[in-house]
Amino acid sequence: MFSTKTYQERRQVLHQRFDSGILLFLGNEYVGKNYAANTYPFRQDSSFLYYFGLNQANLVGLIDLEGGTAQLFGDDLSMDDIVWTGNQPSIKELGMRIGVELTASLQELDRYLEKAVEKNRKIHFLPPYRLKNAQKLSTWLNLPMTQIQEYASTSLVQAVVAQRSIKSAEEVAEMEKAMAVSRIIHHRIMRHARPGIKEAELASLAQGIALASEGDLAYPPIVTINGQTLHNHHHHHTLKEGQLVLADIGAEAESIYASDITRTFPVSTSFTKKQKEIYQIVLDAEIKAIEACRPNVPYRDIHFLAAQVIVAGLKDLGLMQGDVEEAVAAGAHTLFFMHGLGHMIGLDVHDMEDLGEDYVGYSENIRRSKDFGTAYLRLGRELEAGFVLTVEPGIYFIPELIHRWNAENKCAEFINYKKVKKYLKFGGIRIEDNVLITEDAHRVLGKPIAKTLKEVEALRSK
């Protein structure tokens, strides 16, 4: 938790954007994995955590805009609860930690909202992504379950996105803590990987380091020899000489702030010539993209800059041909680089994605593309000081996609399919770092994690 003052100030800033009504923030509950008492690990709602700071289940926060007060609702533990969980702070004590003096039970919240509905008061809430919270809203506000998303408050979404997008110094410090753990993880698995072990051993190593740091992983780890599958969470393959391992792993600090880091390295102690060539193109694209990060620059432009670096590099290898800018304009690069360059990151690895990606990553001036590849760009808007985002270009050889494009003769003026077919078993390479936008430039978070060819091979040989 941050200081009491931090949460008071966050709520006050939000309050000032509204004239009347109620702002309602639902915390999360435990979710049963296969029955109610055997739960998934608890994860608090990020917006509740941002404004009310309590990483505990079954809580609801409320800001009454007309009364100017914040309130916390929850139930104190019964003796039966204490037997199983030990004693916990009371709701009153929890409220004091975050500067909320008015606390009450969940039953009293029912009556509070019932009266608000009777008086036709505007109740702002964020779009729920969990069924139980949708059910609660339906009951409290007399709304049909099937239309809950439609009744979510656009003005509250926009206000929360505007506030949470700009990271404070204390938030960045927490993300640096997560980065420090991610650095340990990536260096450890680079050293540990060898022919004959399974991907699962590397994934479990990452999980263990994260838990030992008193945090967790920010998302299920991607540790795979099939790097051409963008989100590959299967870990049953055995590593073999000549293969590449793509490791997309980000630690989450105890405060829940996330990191998101990808490195790619050889199972052998060194890259092959072909692997070095593709790897260097991806690294060049990442470095150029990071260098371009600064306030007021549309991230969509930086995405296309990375695409141009990739096309130029592949052209030098004979895999692509023709004019580089024309190839990117035609979308020819998306055969190899078909995802977006990056996304916002903070309390969520895809920060605030539950609020609507277009609200977070786009603006009135920059709208999401519908084109293949570019449509996957989660962040396109102009960058602002205080944004923290990922920069993660990649090159992938997806056999199914290559065969389809070739059959359609798609972008044939820019793609040398005959040579591309020699890479069908190559896999994929991605390199990713987390970047803070400063007042006039940028800063890569955390101490450097090995990513040059020389640095990676040095770790592999230890």
Side-chain angles (χ1 to χ4, degrees), residues 40-41 177-253 258-272 274-276 278-279 282-283 286 339 345 349 390 392-398 425-434 446-462:
Y40 289 102
K177 291 178 184 177
M179 284 296 308
V181 179
S182 290
R183 184 175 188 270
I184 293 170
I185 289 171
H186 281 275
H187 284 178
R188 190 78 59 83
I189 66 173
M190 282 188 200
R191 291 191 182 102
H192 187 77
R194 61 187 182 277
I197 71 170
K198 289 189 178 294
E199 299 157 326
E201 187 169 330
L202 300 180
S204 64
L205 184 60
Q207 184 73 65
I209 293 170
L211 292 176
S213 72
E214 299 185 340
D216 203 346
L217 294 180
Y219 51 94
I222 300 169
V223 185
T224 179
I225 59 171
N226 289 320
Q228 76 280 3
T229 303
L230 301 185
H231 282 175
N232 192 338
H233 296 293
H234 300 289
H235 302 137
H236 56 272
H237 293 104
T238 299
L239 275 56
K240 298 177 182 178
E241 292 280 2
Q243 294 175 327
L244 291 169
V245 176
L246 189 152
D248 188 335
I249 306 169
E252 184 178 82
S259 60
D260 186 1
I261 299 296
T262 306
R263 292 292 185 266
T264 308
F265 58 88
V267 174
S268 306
T269 55
S270 60
F271 292 94
T272 67
K274 186 181 287 187
Q275 289 168 349
K276 283 184 178 181
I278 299 298
Y279 187 97
V282 176
L283 182 58
E286 197 221 16
H339 62 73
I345 184 170
V349 66
T390 67
E392 48 180 316
I395 294 177
Y396 313 88
F397 295 88
I398 303 174
K425 295 183 180 180
F426 184 91
I429 292 174
R430 179 165 68 251
I431 304 172
E432 175 185 23
D433 286 297
N434 302 162
K447 293 182 179 179
I449 300 172
K451 67 178 179 180
T452 67
L453 288 163
K454 185 177 180 179
E455 290 168 344
V456 172
E457 288 186 338
L459 278 175
R460 291 297 300 120
S461 63
K462 288 186 178 180

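Quick note: residue numbers are just sequence positions, from 1. A quick note: this is a predicted structure, and the numbers were derived from the prediction, not measured.
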Verdict with supporting geometry, T272 and K276, side chain to side chain contact (heavy atoms under 4.5 Å, CB included): CA-CA 6 Å; T272 67; K276 283 184 178 181; over 6 Å; no

Take F397 and K425, measure what side chain to side chain contact (heavy atoms under 4.5 Å, CB included) needs, and give me the verdict at the end. CA-CA 8 Å; F397 295 88; K425 295 183 180 180; over 6 Å; no

Evaluation steps, side chain to side chain contact (heavy atoms under 4.5 Å, CB included), between L244 and Y279: CA-CA 11 Å; L244 291 169; Y279 187 97; over 6 Å; no

Carefully, step by step, assess V267 and V245 under the rule side chain to side chain contact (heavy atoms under 4.5 Å, CB included). CA-CA 7 Å; V267 174; V245 176; 3.7 Å; yes

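Considering only residues two or more places apart in sequence or on other chains, H235 meets the ring-ring contact (aromatic ring centres under 6.0 Å, His included) condition with none of them. Listed by chain and residue number, nothing satisfies the ring-ring contact (aromatic ring centres under 6.0 Å, His included) test with H187 (two or more places apart in sequence, or in another chain).
Side chain to side chain, E241 and S268 meet the donor-acceptor criterion of an N or O pair below 3.5 Å. Side-chain N/O atoms of S182 and S259 include a donor and acceptor closer than 3.5 Å. A side-chain N or O of T452 and one of E455 form a donor-acceptor pair less than 3.5 Å apart.
Nearest heavy-atom pair, A450 versus L459, reported as atom, atom and distance to 0.1 Å: CB-CD1, 3.5 Å. A258 and I345 make their closest contact through O-CD1, 3.8 Å (heavy atoms, listed as atom of the first residue, atom of the second, distance). The two residues Y396 and L246 make their nearest non-hydrogen contact at CE2-CD1, 4.5 Å. Nearest heavy-atom pair across G428 and T264 is O-CG2, 4.0 Å. Between I185 and A251 the shortest heavy-atom distance is CD1-CB, 4.4 Å. For V349 against A218, the heavy-atom pair with the smallest separation is CG1-O, 4.3 Å.
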Which side-chain N or O atoms in residues 220-230 pair as donor and acceptor under 3.5 Å with protein atoms at least two apart or in another chain?
| residue | atom | partner | partner atom | Å |
| --- | --- | --- | --- | --- |
| T224 | OG1 | N226 | N | 2.8 |
| T224 | OG1 | N232 | ND2 | 3.2 |

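With rounding to the nearest 0.5 Å, the separation of CD1 in I278 from CZ in F271 is 12.0 Å. Interatomic distance, D248 CG to I261 CD1, rounded to the nearest 0.5 Å: 9.0 Å. Atom CD of residue Q207 and atom CD1 of residue I249 lie 10.0 Å apart, to the nearest 0.5 angstrom. The distance from the NZ atom of K447 to the CD1 atom of I184 is 9.5 Å, given to the nearest 0.5 Å. Note that the CG atom of D260 and the CD atom of E252 stand 12.0 Å from one another [nearest 0.5 Å]. Taken to the nearest 0.5 Å, the CD atom of E199 stands 8.0 Å off from the CD atom of Q243.
Remark: the backbone N or O of G242 is paired with a side-chain donor or acceptor of Q275 at under 3.5 angstrom. Judged by distance alone, with hydrogens and angles left aside, the side-chain atoms of R430 form no donor-acceptor pair with the main-chain N or O of T262 at under 3.5 Å. Here the side chain of R194 pairs no donor or acceptor atom with the backbone of T269 at under 3.5 angstrom. The main-chain N or O of H236 is found under 3.5 Å from a side-chain atom of K198 such that the two form a donor-acceptor pair. When atom types are taken as modelled, the side chain of R263 and the backbone of I449 share a donor-acceptor pair closer than 3.5 angstrom.
Looking at heavy atoms from C-beta onward, T238 lies out of side-chain contact with I197 at the 4.5 angstrom threshold.
Ring to ring, F265 and H186 are not that close: their centroids are 6.0 angstrom or more apart.
Atom NZ of K240 has 12 or fewer heavy atoms from other residues, nucleotides or ligands within 6.0 Å. Heavy atoms of other residues, nucleotides or ligands lying less than 6.0 angstrom from NE2 of H192 number more than 12.
Using cut-offs of 30° and 60° on the angle between ring planes, the pair H233 and H231 is tilted.
With K451 as reference, E286 is the one residue of E457, E432, E286 to meet the salt bridge (charged side-chain N to carboxylate O under 4.0 Å, His left out) rule.
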